[in-house]
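Report on one structure; see the data block that follows.
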Number of protein chains: 2
Amino acid sequence: MRYSHKLSDAVHILAYIDICHDDDLSSTAIAASVESNPALVRRLMGALRRGGLLATQQGSATPKLARRPAAITLLDIYRAVEDDGNLLHVDDKTNPHCIVGGNIQDTLRVAYAEVQSAAEVQMKTITLARLIGDILTRERAKQGSAGE
Amino acid sequence: MRYSHKLSDAVHILAYIDICHDDDLSSTAIAASVESNPALVRRLMGALRRGGLLATQQGSATPKLARRPAAITLLDIYRAVEDDGNLLHVDDKTNPHCIVGGNIQDTLRVAYAEVQSAAEVQMKTITLARLIGDILTRERAKQGSAGE
DNA sequence: CATTCATGTAACAATTAAAGTAACATCAAA
DNA sequence: TTTGATGTTACTTTAATTGTTACATGAATG
């Protein structure tokens, strides 16, 4: 498959809603920033709403964060938009009559869960507030160095 | 795309070569355990060889681990077989004229690198020796409980 | 209250990375 | 020299993501 950008685009949407709260917040306007299309934006917004991160209203282009940016972590967003939240995948078609093929699936499941857990612990430390702050800092740095 | 099983199959191959060292170690025999095909096995073995984890000889079905299983980590295997070693992917097509679209790529790259690093630290702690030991332990548990 | 424009959602097509298949050059071993 | 192995490439098939289109539903304005 193609590599998923859902997490990146979901962060983009949330950051956009927070930073550009005075601008047009329609799915079309957000899609222009993501360089994607309104349907994709609405799909992701639906997932974020079901994940308790976003409040939307049908018919009205007035999405709002459901929590403070400091109370939204990258892990929250990840779990909201990624159907398959697994970073690594066990091959579930191995020969059960072989010592290796018959046991490796359970062995790898445990190992992969440890890796997944380590990644999620880190994702939990990264808040939307930090990401928004970083975006704004980078923008200021650009302004400050303009025309040098 | 489909989810990659390359890491799982590569671990399978290495564990098979160590555990079944007295059996047929042809790519066809290994493919039967993986329930895949010989070409896939040979492709992965080629990557493992280039990664310095496996010693093979063209024309002879005598692959050998290039290091002790205790000196091979899940991270070594991951890096050997995954062309794109990134667990998360930045959307590299965002509107550069927007505050968010113009800065979020760099912002996410940093954040994703932290997550990647946390996962890799954990992968580094998981050795092939441990995975092999786990497979053998599970097999013994099956034998002990046979017919219960 | 009708028009306009928004979201919410689903169905379908297009894209792309992985896995399957086949072919063949090269090398080992009997 | 014959047989069978690996190493490698090209091509096909599969499947998850993204793009596209359509339309039901709700909000807002005159």
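Please read these numbers as outputs of a predicted model, since none were measured by experiment. First the proteins, then the strands, lettered A, B, ... as listed; each starts at 1.
One can place CG of A/Asn86 at 14 Å from C1' of D/dA16, the figure rounded to the nearest angstrom. We find that CE of B/Met45 is positioned 6 Å from P of D/dG7, with the value rounded to whole Å. One atom, CG of B/Asp91, and another, P of C/dT16, lie 13 Å apart when rounded to the nearest Å. Going from atom CG of B/Leu44 over to atom C1' of D/dT6 covers 14 Å, rounded to whole Å. Taking atom CG of B/Leu25 as the reference point, atom P of D/dG4 lies 18 Å away to the nearest angstrom. For the pair A/Ile13 CD1 and D/dT18 P, the computed distance is 11 Å after rounding to whole Å. Rounded to whole Å, the distance from NE2 on A/His89 to P on D/dT17 is 9 Å. Between B/Ile17 atom CD1 and D/dT6 atom P there is a gap of 10 Å when expressed in whole angstrom units.
Axis deviation across the helix from C/dC1-D/dG30 to C/dA30-D/dT1 amounts to 10°, comparing end segments of five pairs, rounded to 10 degrees.
The shortest distance between the side-chain N/O atoms of B/Thr56 and the OP1/OP2 oxygens of D/dT6 is not below 4.0 Å. The side chain of B/Ser26 contributes no N or O atom lying less than 4.0 Å from OP1 or OP2 of D/dG4. One finds no side-chain N or O of B/Ser4 lying less than 4.0 angstrom from the OP1 or OP2 phosphate oxygen of C/dA18. Distances shorter than 4.0 Å separate some side-chain N or O of A/Tyr3 from OP1 or OP2 on C/dA18.
Salt bridge annotation for B/Arg138-B/Asp134: present, with a cationic side-chain nitrogen under 4.0 angstrom from a carboxylate oxygen. The pair A/Lys124-A/Asp76 does not meet the salt-bridge criterion, since no charged nitrogen lies less than 4.0 angstrom from a carboxylate oxygen.
Residues B/Ser60 and B/Thr62 bring a donor and an acceptor atom of their side chains to less than 3.5 Å of each other. Between the side chains of B/Glu35 and A/Asn95, no donor N or O sits under 3.5 Å from an acceptor N or O.
Across the interface with DNA chain D, nearest-nucleotide mapping of A/Asp83 and B/Thr62 shows B/Thr62 to be the residue nearer the 5′ end.
Using modelled atom types, no side-chain atom of A/Asn86 and backbone atom of A/Leu88 make a donor-acceptor pair closer than 3.5 Å.
Here ring pair (Phe, Tyr, Trp, His ring centres under 6.0 Å) pairs that include residues 106-144 of chain A, with residues two or more places apart or in two chains, number zero. Screening residues 44-97 of chain A for ring pair (Phe, Tyr, Trp, His ring centres under 6.0 Å), with sequence neighbours left out, gives A/His89-B/Tyr3. Every pair tested for ring pair (Phe, Tyr, Trp, His ring centres under 6.0 Å) that includes a residue from residues 12-66 of chain A fails, sequence neighbours excluded, so the list is empty.
Between B/Leu54 and B/Leu14 there is a side-chain heavy-atom pair separated by less than 4.5 Å. Side-chain contact between A/Leu53 and A/Arg67 is present, with at least one heavy-atom pair separated by less than 4.5 Å. In this structure, the side chains of B/Val34 and B/Leu44 stay at 4.5 Å or more apart for every pair of heavy atoms. A 4.5 Å side-chain heavy-atom check between B/Gln105 and B/Asp91 finds every atom pair outside the cut-off.
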Tell me, for nucleotides 20-30 of chain C in 5' to 3' order, what letter each nucleotide earns: B for a base near a protein heavy atom under 4.0 Å, S for only sugar-phosphate near one, - for neither? BBBB-BBBS--
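Contacts of residues 105-112 of chain B with DNA chain D (heavy atom under 4.0 Å): none.
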